[in-house]
There are 2 protein chains.
Amino acid sequence: MGTDMQIHEGAETERTGADTKARLLDVAEELFATQGISNTSLRSITSAADANLASVNYHFGSKDALIREVFVRRIGPINEERMRMLDAIESGRGDRAPGLADIVEAIVAPVMRLKRVDARQQRMFLRLFSQVHSESEEIQRLIFTQFHEVASRFIPLLQSALPNLDRTELLWKIKFMIGAMVGSMLPMTGLTPFRALDGEGSDPESVLRRLIPFIVAGLSVSVPPGEDRAAERGA
Amino acid sequence: MGTDMQIHEGAETERTGADTKARLLDVAEELFATQGISNTSLRSITSAADANLASVNYHFGSKDALIREVFVRRIGPINEERMRMLDAIESGRGDRAPGLADIVEAIVAPVMRLKRVDARQQRMFLRLFSQVHSESEEIQRLIFTQFHEVASRFIPLLQSALPNLDRTELLWKIKFMIGAMVGSMLPMTGLTPFRALDGEGSDPESVLRRLIPFIVAGLSVSVPPGEDRAAERGA
DNA sequence: GTCTATAGGGGGATAGAC
DNA sequence: GTCTATCCCCCTATAGAC
């Protein structure tokens, strides 16, 4: 199968006059996404970015800070948009419980609309985040921390919209929800039937029109109290 | 933060008299999961497995075959169980459309019950599959191929249970469904509220009791025909 | 400055000895 | 089954021709 050729499929900033800091971010993102984070040495980053080994420390302070920056650059705008949408929901109606779909949309839509960026960046986004699972807990925490703020507003809001769910139930459903969101971005490479989805209907708004009701339905459904499941099997 | 120490957290087969083939599989899986597949050379695998460079070719035939084997070892049993469950569904009732929950369970449950294996293997499973997105299309295909058989039975079955959904709709929902399934396995490391889920309620059956209704609800809900939601924003 | 040629290294696959 | 040695291919870098 030969060796991997992914590293330089179509570099963007390589030769431009972009400043070193931006180049370092671009290169680091790409290497992180394809090789893993801890597998990527500062040396490989700086040499690929045509920069000095010391430049990372100068521009970011540490490798950890660089890692954080790489993710902040992608997650930051998404979470800011989420906060804005959550603001809109909470300010709009004084006491009335906000619509479930609005809340879900606030979390999910900013990610989908990220598709605005070109396909290459889209792929990179998925790759980058896929790598997180292969990293140490410290690095994972470093990245998950960036969702704390949004989560601390989203969870209570969702709880208030679904007062009948106990907390455990709610949190599990949120995991499913996040999964469904990610699932919408999975390539499904080579599974023939799914090739049909590559064309039309894959623009952000179309996906959202399908994804949000799916999630809302899943969130809304009540879970059978608990013991045997063979019971409802015949129904 | 130091470099990655994950490689040998608690190796299992290292020193035992386990045969070379098994050792190669274990080592390859671990290296694939932590470094990526194409980033892992046969040389690094064989040396870590205390085996000869030629051993991979002797035991598996090629690197591709080794890759396939690594995944087959994990996916194989899952898909076999899925096929058995699909058999049971289709044989049981002659003409009547099978219950949606049964179909979903047939796909989802075998993955959840994989948790039977120890936590380390569970983590490895997620890591391993996370790496797939960072690989070339050839490798992705190599792995996705292993789902063809199940998919070709599952999709029509689901379609028959949801006759009102057009094919595109159905396929999107399947992506969401797969996502939700994966989502249930995500660590959410460091997001404080989710730490509560680590203890009770995280056994396979409990997760399934929540996950299956979530998915069934999402599959069942009808999607708004399409024009209303600001659809014609830019199109 | 651009292009072709060639050297070097890494990696996968294979033959033949043990 | 395992090993050593080797072949071949691909990629990168560099040098010399134009």
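By convention in this document, chain letters (A, B, ...) are assigned in the order of the sequence lines, proteins followed by strands, and residues within each chain are numbered from 1. Keep in mind it's a predicted model, so treat the numbers as computed, not measured.
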Value in whole Å for how far the [atom2] atom of [N] lies from [atom1] of [X]:
X	N	atom1	atom2	result
Phe60(B)	dT2(D)	CZ	P	11 Å
Lys21(B)	dT2(D)	NZ	P	11 Å
Tyr58(B)	dG1(D)	OH	C1'	5 Å
Asn57(B)	dG1(D)	CG	P	16 Å
Asp50(B)	dG1(D)	CG	P	18 Å
Leu42(B)	dG10(C)	CG	P	15 Å
Leu53(B)	dT14(C)	CG	P	12 Å
Glu138(B)	dG12(C)	CD	C1'	15 Å

Residue [X], side-chain heavy atoms: nucleotide from [options] that is nearest:
X	options	result
Thr20(B)	dT2(D), dA13(C), dG11(C)	dT2(D)
Asn52(B)	dG1(D), dC3(D), dG12(C)	dC3(D)
His59(B)	dA13(C), dG11(C), dG1(D)	dG1(D)
Ala54(B)	dA13(C), dT2(D), dA15(C)	dA15(C)

Donor-acceptor pair between Asn52(A) and Ser55(A) side chains, under 3.5 angstrom:
no

Would you check, one step at a time, whether the test side chain to side chain donor-acceptor pair (under 3.5 Å) holds for Glu135(A) with Ser38(A)?
CA-CA 7 Å; Glu135(A) 298 295 331; Ser38(A) 48; 2.8 Å; yes

Contact class for Ser55(B) vs. all strands (heavy atom < 4.0 Å): base, sugar-phosphate, or nothing?
nothing

Tell me the closest heavy-atom pair linking Lys63(A) and Thr40(A), and the distance in Å.
NZ-O, 2.7 Å

Where is the tightest heavy-atom contact between Gln146(B) and Leu142(B), given as atom of each residue plus distance?
NE2-O, 3.7 Å

Is the charged tip of Lys173(A) near the ring of Phe214(B): under 6.0 Å from the six-membered ring centre and within 45° of its axis?
no

What I want to check is whether an N or O donor and acceptor connect the side chain of Arg43(B) with the base of dG10(C) at under 3.5 Å.
no

